[in-house]
Amino acid sequence: MAEVLTPDICVIGGGSGGLTVAAGVAAFGVPVVLIEQGKMGGGSLNVAVPARALAAAARAAGFDFVKVQEHVRRTTATVAVSGSAERLAGLGVRVIKGHASFKDRRTVMVGDVEVRARRFVIAAGSLPAVPPIPGLEQSPYFTGETVFTLTAPPKHLIVIGAGSTALELAQAFRRLGSDVTVLDAGAPLADVDSEAAAIVATALERDGVAMRTATIAKVDCTVGNVTVTLDGGDTINGTHLLVAAGRKANTDGLELEAAGIRFDSTGIIVNKKLKTRNGRVYAIGDVAAGQPRSTQAAQYHAGLVIRHALFRQSISTDIGAVPRVTFTDPELAQTGMSEADARRRRLKIRVLRWPYHDNDRAQIESETRGHIKVITTAKGIILGVTIVGAQASELISMWALAIAQGLNIQAMTDVVVPYPALSEIGKRAAMDFFTPGLTSPRLRRIIAWLRIFG
Ligand SMILES: Cc1cc2nc3c(=O)[nH]c(=O)nc-3n(C[C@H](O)[C@H](O)[C@H](O)COP(=O)(O)OP(=O)(O)OC[C@H]3O[C@@H](n4cnc5c(N)ncnc54)[C@H](O)[C@@H]3O)c2cc1C
């Protein structure tokens, strides 16, 4: 007879979001089942870590691909330990290997195991989106997930897409010695601050990556031989093809209809509490429609769901508080509203900036490319921050905190930062808010009056 499990929580997917929910719930001693059909760790471990390790090794090891691969393999193996089935079992999570699908509104099947839980959390992630380009489906191509199986750098890599993943991998392979051409119908990093995106695009071009804005008419591809024909007839020849043109929610085989869960091509429809139309079921991370797609977003969702499911706390997703990063060199990090977002909403804003080249640490490290841009309301409430430059992924955290806490820019001028450090860039931008006031006649009169007292 089939085994029947009745945990409080059943998590589908052992990636960034699912692992966080399962480990968090188990830490409170609550019975939890986690179902994973593939490798534990999901996207963060199996693609994000290798991608970052590849880029780091490309900087350090230059053209030695064997050393690069060894670094990628070793890093991934080390990080894998924290999300392993054994570690989770040790925490009290019942891990089941296999594909989960809903049987009805409160039952999930995995093989012949039936899981009837009080709550379900779908954290099934996303899959590469493959654009409908004639010839592409029949072609051998790599994605952000499979590109790490290459045993040598491609002679000429053609990348379809110019989003974060596309540019990160393009730069890494260029630095490993490949010729690289990036093709996209739109501008590179079209969904972030355009000024910062242009700095990243220029950096890639300086590295020797060919960036072309063009619509692809068709692809002809055999192993080791790629021909991309553009609208207008131009052709580009390469040896390998990488499709990094976005991701789509992975709802494959979940049988969501059986559980009364609504979904469309953008993912599972959730409300601000990350609940689906079936009140027992949450959806988090990449599979949830309208949510940012990153490890930090999935983990943020996981934290909210734990609070709601275990403690019945009131929660509401705030996607503006989730920072997003493009791990190119220079890095690009953004949190909250961009300048364009704020202007589109016709908000009365101040735009504060400070360049890296006016920072002592940046000069010491010869990392003078880039700037910070801070958007505030007229009264100084911080709405959004974009940083392009060295360590942007680290520097953005204090701004994410500032936005989440609704801080005024004054707080960022009052904070004492180390010297010499890149974090001074943010403080200097913040001080810019008060610069116009320094020359005000009223302020000068107050200072003159106070001098009377000695
Ligand atoms: C090349 C690349 C680089 C990236 N780099 C970064 C980065 O540097 N930083 C960052 O924040 N994000 C990065 N991302 C994005 C990040 O990996 C994802 O946003 C994140 O992993 C999403 O977490 P998740 O829990 O929603 O899904 P995932 O981590 O993808 O986990 C989903 C899991 O669910 C399992 N699953 C799916 N369906 C079922 C089912 N029916 N039954 C059982 N199991 C199932 C899958 O096997 C998978 O393990 C990168 C993505 C790519 C492609």
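Since the structure is predicted, the reported quantities are computational estimates derived from the model, not experimental observations. Both ligands and their constituent atoms are indexed starting at 1 by order of listing. Just so you know, residue 1 is the first one in the sequence shown, and it goes up from there.
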Quiz item: Tell me, do C221 and P140 make a side-chain contact under 4.5 Å, heavy atoms counted?
Solution: yes

Self-check item: Beyond-backbone contact of V281 with I122, side-chain heavy atoms, under 4.5 angstrom
Solution: yes

Among protein heavy atoms, which lies nearest [atom], and at what distance?
atom: atom 52 (C) of ligand 1; answer: V47 CG2, 3.5 Å
atom: atom 22 (C) of ligand 1; answer: D286 OD1, 3.3 Å
atom: atom 27 (O) of ligand 1; answer: G125 CA, 3.2 Å
atom: atom 20 (C) of ligand 1; answer: S16 OG, 3.5 Å
atom: atom 36 (N) of ligand 1; answer: Q37 NE2, 3.7 Å
atom: atom 30 (O) of ligand 1; answer: G43 N, 3.3 Å
atom: atom 34 (O) of ligand 1; answer: G13 CA, 3.2 Å
atom: atom 16 (C) of ligand 1; answer: T295 OG1, 3.7 Å

Short list, please: which atoms of ligand 1 are under 4.0 Å from a heavy atom of [X]?
X: G42; value: 29 (O), 31 (O), 49 (O)
X: R52; value: 5 (N), 6 (C), 7 (C), 8 (O)
X: L254; value: 41 (N)
X: N250; value: 37 (C), 38 (N)
X: R247; value: 53 (C)
X: I35; value: 43 (C), 44 (N)
X: H99; value: 40 (C), 41 (N), 42 (N)
X: F327; value: 8 (O)

Does a salt bridge link [X] with [Y], judged by any charged N lying under 4.0 Å from a carboxylate O?
X: R52; Y: E168; value: yes
X: R212; Y: D184; value: no
X: K427; Y: E424; value: no

For ligand 1, is there an atom lying under 4.0 Å from some heavy atom of [X]?
X: K39; value: yes
X: S101; value: no
X: G253; value: no

Quiz item: Quick check: does any side chain N or O of Q171 sit under 3.5 Å from a backbone N or O of D329, one acting as donor and the other as acceptor?
Solution: yes

Quiz item: Can any side-chain N or O of Y300 pair as donor or acceptor with the backbone N or O of D318 at less than 3.5 Å?
Solution: yes

Quiz item: Under the side chain to side chain contact (heavy atoms under 4.5 Å, CB included) criterion, do F263 and E257 qualify, and how do the steps go?
Solution: CA-CA 9 Å; F263 67 103; E257 297 89 344; 3.6 Å; yes

Quiz item: Taking atom types as modelled and ignoring hydrogens, do the side chains of T317 and H301 form a donor-acceptor contact shorter than 3.5 angstrom?
Solution: no

Exercise. Report yes or no: do R116 and T107 form a side-chain donor-acceptor pair below 3.5 Å?
Key: yes

Would you indicate which of [options] comes nearest to [atom] when only heavy atoms are counted?
atom: atom 33 (C) of ligand 1; options: E36, E145, R293; result: E36
atom: atom 24 (P) of ligand 1; options: G14, P323, G17, A48; result: G17
atom: atom 31 (O) of ligand 1; options: G15, S164, G38; result: G15

Practice problem: Report yes if some N/O of Q296 lies less than 3.5 Å from some N/O of ligand 1; otherwise report no. | Solution: yes

Quiz item: Based purely on interatomic distance, does A100 place a nitrogen or oxygen under 3.5 Å from a nitrogen or oxygen of ligand 1?
Solution: yes

Quiz item: Between F28 and F311, is the ring centre distance below 6.0 Å?
Solution: yes

Reported [atom1]-to-[atom2] distance for the pair [X] and [Y], which is rounded to 0.5 angstrom:
X: D193; Y: K373; atom1: CG; atom2: NZ; result: 4.0 Å
X: R119; Y: H308; atom1: CZ; atom2: NE2; result: 8.0 Å
X: H371; Y: W354; atom1: NE2; atom2: CH2; result: 14.0 Å

Exercise. Please report the shortest heavy-atom distance between A117 and I9, naming the atom on each side.
Key: CB-C, 4.2 Å

Is ligand 1 under 4.0 Å from a heavy atom in the side chain of [X], in the backbone, in both, or in neither?
X: T165; answer: side chain
X: S294; answer: both
X: M40; answer: neither
X: V325; answer: neither

Quiz item: Got more than 12 heavy atoms from elsewhere within 6.0 Å of CD, E137?
Solution: no

